[in-house]
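Below is one structure, written out as structure tokens; the observations come after it.
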Amino acid sequence: MKLKILAIETSCDDTSVAIVDDLRTVLAMKTVSQLKDHAKFGGVVPEIASRHHEESILEASFEALRMANLKISDIDAVAVTSCPGLVGSILVGTSFAKGISIALGVPLIFVNHIEAHACSCLLEHRRINPPFLSLVISGGHTSIIDVENYNKYVTYFYTVDDAVGEILDKVARSLGINYPGGAHLDKMAQFGNKNKFKMPVPKIQNFSFSGIKTWALNICKNVKNDEEKNDLSASLLFGISEYVSEKLVNLAKSFGRTMICLGGGVAASQTLQSVLEEKCNLRKINLSYPSPKYCSDNAAMIGIRAILSFNE
Ligand code: KG4
Ligand code: ZN
């Protein structure tokens, strides 16, 4: 009999509920996005986020069960994001999950959101198993994690200041593009000259992006036309992709890892994917990235992170 897990993600601005089985099949996923509620503020407002999670979580859960054609009594375990994230938003998800697990008498599994992003490729690729190296790159995180087995996740690099997505959103905003602007900048980068502006490369051992942010925001003040905006997008996105990809493949080589997985919203960047793919091909490393619906925050990745360790 297949194990079915009800997975809940409410750590930021998406209320997401999924049902995943231990064959890595996503039986259903319902995500309620709050994007338009935060866009006018230029970023996520924590108090608004938790209120919206409270309003959406019950209906999203019913909808996921309906889509999977299951009853709540068919669920064998409940998984929920417990950290990191917005405290009020996490409280809504964990309280709700705890209630279901007590009512059904099934296990409750707390999941680390970044580890879940690190595993998101596994939802669509059954042949991928640990060990592998993962780059989690999103609006809140930029980390390289070594997944040694389903219960051992070791972080080797993490940003000491801003995350990459956060910078892309701030630069986009300064160019008059609505929040979140990362995907838009990524499209503009395809038309720009990546050598027009020279991005400074941080010299510290860990990841740092605040200097890159200051550099890009200063250029924003003087860009005159769409051509220059495209050039800045290309210089920024290719520069960041080079910087993170180089660290990633070097670490993979030094650990003898032959598989790299991407996760997080910025993993959908065509620029990042193409730069990294080239480096991986040269060094004979396999590369995998999730389809866009599993790059951004979603409950299916919470389910897969939980069910794989549950079975280990
Ligand atoms: O993982 P995610 O949905 O939420 C966080 O946990 O942060 O990531 C959102 C981030 C935003 O900064 C957004 O601008 C960026 O991912 N993003 C992209 C692309 N799609 C989303 N950045 C670059 N290229 C994309 N195609
Ligand atoms: Zn995330």
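Whatever order the structure lists ligands and atoms in, that order sets their numbers, starting from 1. Just so you know, residue 1 is the first one in the sequence shown, and it goes up from there.
Residue L237 places no N or O, backbone or side chain, under 3.5 Å from any N or O of ligand 1. Among the atoms of G265, some N or O lies under 3.5 angstrom from an N or O of ligand 1. Residue P180 places no N or O, backbone or side chain, under 3.5 Å from any N or O of ligand 1. Close N/O approach between D297 and ligand 1 is found [any backbone or side-chain N/O within under 3.5 Å].
For the 3.5 Å distance criterion, the side chains of D161 and S208 qualify, holding a donor opposite an acceptor. Between the side chains of D14 and T31, no donor N or O sits under 3.5 Å from an acceptor N or O.
A salt bridge does not link K221 with E228: every distance from a Lys NZ or Arg NE/NH1/NH2 to an Asp or Glu carboxylate oxygen is 4.0 Å or more. Using a cutoff of 4.0 Å between basic side-chain nitrogens and carboxylate oxygens, R257 and D146 are scored as salt-bridged. Salt-bridge annotation for R24 and E124: absent, with no side-chain N of the basic residue lying under 4.0 Å from a carboxylate O of the acidic one.
Which parts of ligand 1 touch H117 is read off a 4.0 Å heavy-atom cut-off, strictly below it: atoms 1 (O). Of all atoms in ligand 1, listed by their number and element, those nearer than 4.0 Å to a heavy atom of D186 are 24 (N), 26 (N). Less than 4.0 angstrom separates some heavy atom of A268 from each of these atoms of ligand 1: 26 (N). Of all the atoms in ligand 1, the ones that sit under 4.0 Å from a non-hydrogen atom of S269 are 23 (C), 24 (N), 25 (C), 26 (N). Atoms of ligand 1 lying under 4.0 Å from any heavy atom of L168, numbered from 1 in the order shown and given with element: 22 (N), 23 (C).
Put simply, H117 gets within reach of the Zn ion (ligand 2), with an N, O or S atom under 2.8 Å from it. In summary, H113 places an N/O/S atom under 2.8 Å from the Zn ion (ligand 2), meeting the contact criterion.
The closest approach between a heavy atom of G140 and any atom of ligand 1 is below 4.0 Å. Taking a 4.0 Å cut-off on heavy atoms, H141 fails to register as neighbouring ligand 1.
Remark: side-chain polar atoms of S50 are not paired, donor with acceptor, to backbone N or O of G88 under 3.5 angstrom. Put simply, the side chain of R126 gets close to the backbone of L23: a donor and an acceptor are under 3.5 Å apart.
If you check which protein heavy atom lies closest to atom 3 (O) of ligand 1, you get S296 CB, 3.1 Å. Atom 25 (C) of ligand 1 has as its closest protein heavy atom A183 CA, 3.5 Å. Of all protein heavy atoms, the one closest to atom 15 (C) of ligand 1 is V266 CG2, 3.9 Å. When only non-hydrogen protein atoms are considered, atom 13 (C) of ligand 1 lies nearest to D169 OD1, 3.8 Å.
Between G263, G43, G165, G182, it is G182 that holds the heavy atom closest to atom 22 (N) of ligand 1. The closest non-hydrogen atom to atom 7 (O) of ligand 1, taken over S11, G139, A163, comes from G139.
Nearest N, O or S atom of D297 to the Zn ion (ligand 2): atom OD1.
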